[in-house]
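Lettering follows sequence order; numbering is per chain, from 1.
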There are 2 protein chains.
Amino acid sequence: MSPVSSAHLAARRAQLLKAARTCFARNGFHATSMQEVLSEARMSPGGAYRYFPSKEALVAAIATETLTEVSAALKALSEDGSTPGPDDMVTAVTSTVERLDALHDTAKLEIQVWAEAQRSPLLAEQFARAFADVERFMTEQVETYQGRGLIERDVPAGHIARVLIGLVHGFMVQRTLLQADTALFRDGLRALVAGPGRAPAPPSE
Amino acid sequence: MSPVSSAHLAARRAQLLKAARTCFARNGFHATSMQEVLSEARMSPGGAYRYFPSKEALVAAIATETLTEVSAALKALSEDGSTPGPDDMVTAVTSTVERLDALHDTAKLEIQVWAEAQRSPLLAEQFARAFADVERFMTEQVETYQGRGLIERDVPAGHIARVLIGLVHGFMVQRTLLQADTALFRDGLRALVAGPGRAPAPPSE
DNA sequence: CATAAAAGAACGAATGTTCGCTCTTGTCAA
DNA sequence: TTGACAAGAGCGAACATTCGTTCTTTTATG
């Protein structure tokens, strides 16, 4: 029987994950040593290796957290019906990304996951799964917009959803490396979607 | 005096760079050891270290190549005037990305550069410089489109250019991790830009 | 022959991980 | 209520290995 409560075990595990996320976001998966993570978490190797069998497992856990965080946030967004048009939707998503990145370095870690997924079949599958989730939510939203006559109907909703997701990923890059903010993307996208004919919402500056 | 021709020196350097690119694209910057690069290039450490003083310098050189390759291709694209509309422009860019990735793993390496730029000020500055170039070409194109009345005029061209670049980056992610192709993005973007009113070019499927 | 390019053994440092020990904790008999 | 016991959480020194890099030697060339 365990000499400590299972809540304490969970807390210790979470403490390790938090330290790992901090270090990985700061220095990347590979340039971060176990010793860095351990000292950030104020743990010894022997203690930590009771919770994660390897550094790779720690990386995988952080990747799961990151991908899940994003897709869960997008799911919530697509369920509360607060995005009356495609530009509002992307705006809502980018501001959500901003919030998650400020809280948990989500955008930085997501980019690291892209890089690592190229060589790790495990991470590649995790990414593909999370992407499929997001794609589903986005596609449903696009179908709604198509039903309302807001978007061209003859193109498969999935294709349009893919483009919107691409936009979000591009935002993550610019947010991380160039300090781009939501307003910039919102105005640009609105102008693009609005075309020359219809009056867009006024830009913010 | 040098015992070999300077052409031979340049060839040897290029051989090293090619090997490094192959290895870095296959396994990432950090997971690739010098020994892998050296054996791919069929060189000894002593030989190779005459051309690059460190692994970091090799990484920086590959990053420069990758970023320059992309921005040079985009510059060529924006100069030959072959993109009559914003959707054509993005389509031309994505197919260029496909070609460069097939030839030199450019998209894969670009993503690695994003990840590495988060912790390396040197790469971050390289990226920012290359991005500024691309942004300039894109902005000029958008201004042209605005002049022709193809895009809403009241939004700064730079903002719209940023969104289009984001789209390209998103395409790189999907191309690398999900085997997305240009046609998918082309149709999706056309539908988005066309809106419900104007007839878009017919989708490809 | 002189020069330097190339080779490859060798180096110290740092990595992820292990293992034997100590200490804390929950349990239960008295 | 209390004391001792068993179990496992936590520790940290030590491990084998691999890393990037150097240095001496050999080879090839103008």
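Contact annotation: the side chain of A:Arg50 never approaches that of A:Arg12 to less than 4.5 Å [non-hydrogen atoms, C-beta and beyond]. Side-chain contact between A:Ile165 and A:Glu135 is present, with at least one heavy-atom pair separated by less than 4.5 Å.
Of the residues in residues 48-66 of chain A, those placing a heavy atom less than 4.0 Å from an atom of DNA chain D are A:Arg50, A:Tyr51, in numerical order.
When rounded to the nearest whole Å, the span between CZ of B:Arg13 and C1' of C:dA6 equals 17 Å. Here the C1' atom of nucleotide C:dT24 and the CG atom of A:Leu9 are 13 Å apart, to the nearest Å. Computed from coordinates, the A:His30 NE2 to D:dT18 C1' distance equals 14 Å when rounded to whole Å. In this structure, A:Leu38 atom CG and C:dA14 atom P are separated by 17 Å, rounded to whole Å. When the P atom of D:dG8 is taken as reference, atom CZ of A:Arg12 falls 18 Å away, rounded to whole Å. Rounded to an integer number of Å, the gap from CZ of B:Arg42 to P of C:dA7 is 12 Å. The CG-P distance, from B:Leu16 to C:dA7, rounds to 11 Å in whole Å. Between the CD atom of A:Glu36 and the P atom of C:dA14 there is a distance of 12 Å, given to the nearest Å.
A close approach under 4.0 Å does occur between a side-chain nitrogen or oxygen of A:His8 and OP1 or OP2 of D:dG10.
Taken from CE in A:Met172 to CH2 in B:Trp114, the straight-line distance is 11.5 Å, to the nearest 0.5 Å.
Here the side chain of A:Ser33 is nearest to one of C:dG16, D:dC19, D:dG12, namely C:dG16. For B:Pro45, counting side-chain heavy atoms from C-beta on, the closest listed nucleotide (D:dG10, D:dC19, C:dA9) is C:dA9.
No donor-acceptor pair under 3.5 Å is formed between the side chain of A:Ser78 and the backbone N or O of A:Phe137. In terms of modelled atom types and a separation under 3.5 Å, the side chain of B:Gln174 and the main chain of A:Arg162 share a donor-acceptor contact. Between the side chain of B:Gln118 and the backbone N or O of A:Lys108, at least one donor-acceptor pair lies under 3.5 Å. Between the side chain of A:Thr94 and the backbone N or O of A:Thr91 there is at least one donor-acceptor pair closer than 3.5 Å.
Each of B:Gln35 and A:Phe29 has a nearest nucleotide on DNA chain C; the 5'-most of these lies closest to B:Gln35. Taking the nucleotide of DNA chain D with the nearest heavy atom to each of B:Val4 and B:Thr32, the more 5' of the two is matched to B:Thr32.
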